[in-house]
Protein chains: 2
Amino acid sequence: MSEPVRSRSLPRNNTFSQATETVLREMVLDGTIAPGARLNEVSIAAQLGISRGPLREAIQRLSSEGLLTVISHRGAFVRTFSRQDIVELYELRCALELHAVRLACERATDEDLDELDAMLSDTESRIRESSAHAYPQELDFHLRLVLVAGNQALMRAAQDVQRQLALARSMSAKRPMRARAAVIEHADLVAVLRSRDVEQATLMMSRHLDHSMHSALSVLGLPQDGATEESDTAPDSE
Amino acid sequence: MSEPVRSRSLPRNNTFSQATETVLREMVLDGTIAPGARLNEVSIAAQLGISRGPLREAIQRLSSEGLLTVISHRGAFVRTFSRQDIVELYELRCALELHAVRLACERATDEDLDELDAMLSDTESRIRESSAHAYPQELDFHLRLVLVAGNQALMRAAQDVQRQLALARSMSAKRPMRARAAVIEHADLVAVLRSRDVEQATLMMSRHLDHSMHSALSVLGLPQDGATEESDTAPDSE
DNA sequence: AAACTGCAAACTGTCAACAGTTGGCAGTTC
DNA sequence: GAACTGCCAACTGTTGACAGTTTGCAGTTT
C-alpha cells in the first residue's frame, strides 16, 4: 500500500475532485465499500493516487446526495437505511414519479412512448437469458420516464432518490426479484400513457411503486408493516 | 482588507466548514452576494478568517443544493434562473407539496392544524402592521405543512426547492406581493384539511401554487407564458 | 473481575504554499 | 484601425504538513 494502486482508475473528468466523486459513487453503489463502513480518507486518497483535499470535496457532495453520512471528527460513513428511511424514500419517489407520469401523459410524444416500449422488450429478452441484473434496467425505465416528463429539476431529484434506494437495496444480497412482474406493469403503464388517461396512469404507477416498495422491504428482510426499527450499523448524524 | 473582517461572524457550529456553509447560504439568500456574481475564494476566506479548504467544502455542498454553480477552473457563481428553471422548480414543488398535502390529510393531528391556523393569524396581524416581509412567512407555512406530513426525506427535498426559489426571487427587488391573498388561500386549505377531503385539499394546493408561480414570474418580470428565455448573467455549468 | 484513568496511535480539520489554467492586456502585424 | 499573438496577473486545483479530536488500550484502583 505504498504506491498509487488505482485499482479503479480515475476517469478523465476535468478535475480530480469531480472524477473522485464519480468513482466513489460507483464504489459505494456496487458495494466495494460496504454500507455502514467508514471511509478512511488517507487510505482512499492513496488508493486513488490523490491527496485528501479533492477527496474531501467529493465526500461533501456525496453526502449532500444522501449516499454518505458525515459526522464531525469521526468521518464519513456509507449510509445505512432503517425501515422508516426506506418507506420515506418510497413516499418521496411516489411524489416525484407520480407527478412525472402526469407530465409525461401530457408531453410524451409517440416516439418517446415507442422508445419506452423498446426498452421494455430489450429488458424482457435479457431476463429470458439470465434473470440477473434486472434491477438496474428497472431503474432505467423509471428514469427514462422522468426524462420524458421534460423537467431537469425533477429529473435530478428522482435520480438522487433512486441512487439512495439502490444503495439501500445493496444492503442485502441481490435476489432475482420480481423482474418479470415489473416489466409487465411497465408495459401496461406505457399502454395507458398512449391513451393519455392521466387518472388511470397515475393509479397504475401508484400501484406499481407500492409493489416495488413491498418487494424492496422483503428483499431487505424488513417487516412489510409495523413499528419503526432503527438501523444500527452506522451512527446517525450528530 | 488585510485582517479578518468577519462582518458576519461564524456561528459556533462544530467545524469551520459547516459554519461557513451556513453563513454562505445566508449571504447568497439575502443578496449580500448578488445572483450571477462570482465567489472569490481568497477574498471570502479572508473575510471569514479561514483558509480556502473549508470554504471550498462549503461551496461544494451549496452547489449540490442548487444555490451555486461551479465551473471548473473558473469558479463558483451564485446561481441565476431562467424562466424555464423557475417553471421547472415550481413543477417540482408541486410534486412535493401536493404529495405532502395528501400525507398531511391522513396524518395531521388536530393540534397540527391548530398550529397552522395560529401561524396564519400571526402572519395576518403582521401584514396589517407592515405589508413587508411577508414572503418568508409564506414559505414557513408551506414548510410547516410538509413537516406535518411526517417525512424527513420529503422535507429535505422541499426545503432545497424553496431555497432555490427564494434565491430566484431575490433576483428582483422584493415587492409586497400577494401576501393577503396567500394567507386566505392558506386558511382555506387548513379548513379543508380539517375535513380530511384529500381531493379538495390537493386541488386547492394545486391552484395556490399556480397562483404563486404566476406571481413569482411577474415579480421577476418574466412573461407568464411563452417561449423559453435563457438567463445570461451567469454561465451555465459546463 | 469490573470500572475508571490516562496515555498514545490513528484519523479528521485546517492551513499555507505550489502548480496549472484562465482571461485580459500590451504589442505587433496586416 | 482591426485582428492576432504572446505574455502576465489573478485565481482555482492540488498538495503535504501541522493541529486538535477521538478511540482503543494498558495500567491502576476498587
Side-chain angles (χ1 to χ4, degrees), chain A residues 1-6 9-24 33 36-64 68-78 232-238, chain B residues 1-6 9-24 33 36-64 68-78 232-238:
Chain A
M1 232 179 265
S2 54
E3 54 191 26
V5 175
R6 211 176 294 209
S9 62
L10 291 177
R12 275 265 165 331
N13 282 350
N14 252 337
T15 67
F16 283 174
S17 173
Q18 293 170 336
T20 301
E21 177 186 348
T22 305
V23 173
L24 255 190
I33 311 179
R38 184 170 113 227
L39 278 64
N40 185 322
E41 291 182 2
V42 297
S43 104
I44 292 181
Q47 271 181 39
L48 298 175
I50 61 173
S51 71
R52 287 171 51 219
L55 171 61
R56 282 176 63 91
E57 291 177 13
I59 287 176
Q60 301 305 327
R61 285 192 296 263
L62 291 180
S63 151
S64 288
L68 300 178
T69 303
V70 175
I71 304 181
S72 307
H73 299 287
R74 296 205 30 206
F77 300 79
V78 178
D232 53 2
T233 40
D236 282 331
S237 72
E238 50 169 357
Chain B
M1 239 178 259
S2 54
E3 51 190 26
V5 175
R6 213 176 293 210
S9 61
L10 290 178
R12 276 263 168 330
N13 282 350
N14 251 336
T15 68
F16 282 175
S17 173
Q18 293 170 336
T20 302
E21 177 186 348
T22 305
V23 173
L24 256 190
I33 311 180
R38 182 167 117 228
L39 278 65
N40 185 321
E41 292 182 1
V42 298
S43 105
I44 292 181
Q47 271 182 39
L48 298 175
I50 61 174
S51 73
R52 285 172 54 218
L55 171 61
R56 283 177 62 90
E57 291 177 14
I59 288 176
Q60 301 306 327
R61 286 193 294 265
L62 292 180
S63 152
S64 288
L68 300 178
T69 302
V70 175
I71 303 180
S72 307
H73 300 289
R74 296 204 31 205
F77 300 79
V78 178
D232 53 1
T233 40
D236 283 330
S237 71
E238 50 173 358

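Note that this is a predicted model, so its numbers are computed, not measured. Order of the sequence lines sets the chain letters (A, B, ...), proteins ahead of strands, with each chain counted from 1.
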Atom CZ of B:R38 to atom P of C:dG24: distance rounded to whole Å?
-> 10 Å
Determine, for nucleotides 15-22 of chain C in 5'-to-3' order, which nucleotides have protein heavy atoms under 4.0 Å from the base (write B), from only the sugar-phosphate (write S), or from neither (write -).
-> B-B---SS
Mind calculating the distance between CG (B:N14) and C1' (C:dT14) to the nearest angstrom?
-> 14 Å
Atom pair CG/CZ of A:L55 and A:F16 - distance to nearest 0.5 Å | 12.5 Å
In terms of heavy-atom contacts, B:S17 and B:A58 come closest through O-CB, 3.8 Å
Given D:dT14, is OP1 or OP2 found less than 4.0 Å from the side-chain N or O atoms of A:R56?
-> no
Among A:R52, A:R56, A:R61, find the residue that satisfies the salt bridge (charged side-chain N to carboxylate O under 4.0 Å, His left out) test when tested with B:E57.
-> A:R56
Between atom CD in A:E41 and atom P in D:dG16, what is the gap in whole Å?
-> 15 Å
For B:L39 and D:dG13, give me the distance from atom CG to atom P, rounded to whole Å.
-> 12 Å
CD1/B:I44 to CD/B:Q47 distance, rounded to the nearest 0.5 angstrom?
-> 6.5 Å
Taking the side chain as C-beta and beyond, is there a heavy-atom pair between B:L24 and B:L39 under 4.5 Å?
-> yes
As a check of understanding: the bend across the helix from C:dA1-D:dT30 to C:dC30-D:dG1, end axes from five pairs, rounded to 10 degrees, works out to 10°
Round to the nearest Å and state the distance from A:E57 atom CD to D:dG13 atom P.
-> 7 Å
Going by heavy atoms in the side chains, are A:T20 and A:I59 under 4.5 Å from each other?
-> no
For the atom pair CZ (B:F77) and CD1 (B:I71), what is the distance rounded to the nearest 0.5 Å?
-> 5.0 Å
Check whether any side-chain heavy atom of A:T69 lies under 4.5 Å from a side-chain heavy atom of A:V78, and answer yes or no.
-> no
How many Å lie between CD on A:Q60 and P on C:dT14, as a whole number?
-> 10 Å
B:N40 CG - D:dA9 C1' separation (whole Å) = 13 Å
One should read off an interatomic distance between B:L68 CG and B:S63 OG, to the nearest 0.5 angstrom, of 6.5 Å
